[in-house]
A.B. asks: 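Okay, here's the structure, questions in a sec.
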Protein chains: 2
Amino acid sequence: MPSDQTRASILDAAERLYAERGFGEVTLRDIVAAAGVNLAAVNYHFGSKDALIAELFVTRGVATNRARLTELKEAETAGNGRADVKAILRALVGPTLRGCLGPDNQQSTAAHFMIRASIESVPPIRRIKNREIDHLRKFAAAIRRALPDCDDADLYWGLHFALAMAHQTIRDTERLTKLSEGKCDLDNVEALIERIVDACAMMLTAANRTPARTETASSTIRRAEKLKN
Amino acid sequence: MPSDQTRASILDAAERLYAERGFGEVTLRDIVAAAGVNLAAVNYHFGSKDALIAELFVTRGVATNRARLTELKEAETAGNGRADVKAILRALVGPTLRGCLGPDNQQSTAAHFMIRASIESVPPIRRIKNREIDHLRKFAAAIRRALPDCDDADLYWGLHFALAMAHQTIRDTERLTKLSEGKCDLDNVEALIERIVDACAMMLTAANRTPARTETASSTIRRAEKLKN
DNA sequence: GTCTATATGCAGATAGAC
DNA sequence: GTCTATCTGCATATAGAC
């Protein structure tokens, strides 16, 4: 068996098992058993468990980011350099949601792995995470072009909440399903994407409209002041 | 030293350490060192590490839920049995946000612990979590009274997203702070609460207004259909 | 490059003296 | 109830033969 084959088998098995069960629950022994290779091969090829996780996080993160950026570029060219806000938000949350909640044939272990990585922020991953910020800046810039008058803070909050909604929905499908007794359909990913996109677009544009925004801001401040006393 | 004292010391130390560093990173030896008691005391008083975590989760969960329900009752009596939607949402997300992001003297280790518990869903916690559903039903019922015409699914999605936004903001303050270069003020908890409450109230009432809702739903379906081909 | 065998370390749990 | 000392098991990592 050529060396690259062993390496790839380990990466594939590790990605799948980590995505399914989490870093804490999967041992190197589990991985080598699933990959059909020897235990020592992991340390030979990657040096350590942490290095294996780090390599997975980098390569799979690149894959996810590429999917998002492809959709973003499409939206921007379709709008002659200024994409529609909803299209931008769709590019941000769509790939991950489809990769984790979509029909089985569309799901990607990469997306599942990245969600797992964000849930269990183990040391090797924490060290790398800063690159995500640069990636998000591209979406912030796109929204800035789409909504030139939008307040900076509102813009970042909008991005943050879009990711929060998508992410939390993936992580905890069970609670919502039980609470709603099946009335919230988590299998209809496209409807879910639109729900999140609509909500965040509403936040961004409501913040952008001067009257509504002033009203919100002043009511906020009024309440905040009241509570200080 | 009386027995209850040892028990309480262990609970306090465990809660604090788990909240700060997570279950995977804290050993029983760390806990007994911080509590100033003997290692064997943990197993004597609680039986196992898992039982200790379970006990913490139950007692601290009750504390958090009580804080939320107190605010909910206040809102309902203020509205003569039918609370304002925003007041309901405020009761849902306010206590946890204040307990985790508010000024130091208002923060509670219980709130931090509960957030940690929801991040690292270790086995002992997963087994108990169902009670949360019953707790949330009370908020669903309150919203149902406040917005009798609101669609069931929209209502549950609104609750879900409110928790998602609050929760994710607590868990990942760092990314937003860095991304926004400090422009998103995470120290102003009351403003944050209003931001989340306003956004979710907007979702709920926009879904409730028949014209807007129909429009959203149909655009969603249109897009979903388009993507199937 | 791949294997077997083993070193090393730390975790949770327990036996038994006091 | 509380302590010391120890058992047991499992995880990562490595040494060294092939």
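Sequence lines set the chain letters: A, B, ... in the order given, protein chains first and strands last, and positions in each chain run from 1.
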A.B. asks: In whole angstroms, how far is the C1' atom of D:dA15 from the CG atom of A:L39?
C.D. replies: 13 Å
A.B. asks: Atom CZ of B:R21 to atom P of C:dA11: distance rounded to whole Å?
C.D. replies: 11 Å
A.B. asks: Could you work out which one of D:dA15, C:dG1, C:dG12 sits closest to the side chain of A:A40?
C.D. replies: D:dA15
A.B. asks: Applying the side-chain contact (heavy atoms from CB on, under 4.5 Å) test to B:I143, which of B:L92, B:D154, B:L159 qualifies?
C.D. replies: B:L159
A.B. asks: Would you find a donor on one side and an acceptor on the other, under 3.5 Å apart, between the side chain of A:R116 and the backbone of A:F23?
C.D. replies: no
A.B. asks: How many whole angstroms separate atom CZ of B:R7 from atom P of D:dG1?
C.D. replies: 10 Å
A.B. asks: Is there a donor in the side chain of B:K129 and an acceptor in the side chain of B:S118, or the other way round, less than 3.5 Å apart?
C.D. replies: no
A.B. asks: Without decimals, in angstroms, what is the distance between A:Y44 OH and D:dG16 C1'?
C.D. replies: 15 Å
A.B. asks: Could you give the CG-to-P distance, from B:D50 to C:dA13, as a whole number of Å?
C.D. replies: 7 Å
A.B. asks: Heavy atoms under 4.0 Å, any strand shown: does A:A41 hit a base, just sugar-phosphate, or nothing?
C.D. replies: nothing
A.B. asks: From the options A:K138, A:R98, A:R66, A:K86, select the one residue that forms a salt bridge (charged side-chain N to carboxylate O under 4.0 Å, His left out) with A:E71.
C.D. replies: A:R98
A.B. asks: Rounded to whole angstroms, how far apart are NE2 on A:H45 and P on D:dT14?
C.D. replies: 15 Å
A.B. asks: Applying salt bridge (Lys or Arg N to Asp or Glu O under 4.0 Å), name anything that partners A:R127, two or more places apart in sequence or on another chain.
C.D. replies: none
A.B. asks: Please give me every residue in residues 25-32 of chain B whose heavy atoms get under 4.0 Å of an atom in DNA chain C, ordered by residue number.
C.D. replies: B:T27, B:L28, B:R29
A.B. asks: I'd like to know if the side chain of B:K178 pairs up with that of A:N130 as donor and acceptor (distance under 3.5 Å, no hydrogens or angles considered).
C.D. replies: yes
A.B. asks: Whole angstrom is fine here: how far is it from CG in B:N38 over to C1' in C:dT14?
C.D. replies: 12 Å
A.B. asks: Indicate whether OP1 or OP2 belonging to C:dT2 is found under 4.0 Å from a side-chain N or O atom of A:T6.
C.D. replies: yes
A.B. asks: Could you state the atom-to-atom distance from CG of B:N43 to C1' of C:dT14 in whole Å?
C.D. replies: 8 Å
A.B. asks: For the residue pair A:Q107 / A:H112, report whether a side-chain donor-acceptor contact shorter than 3.5 Å exists.
C.D. replies: yes
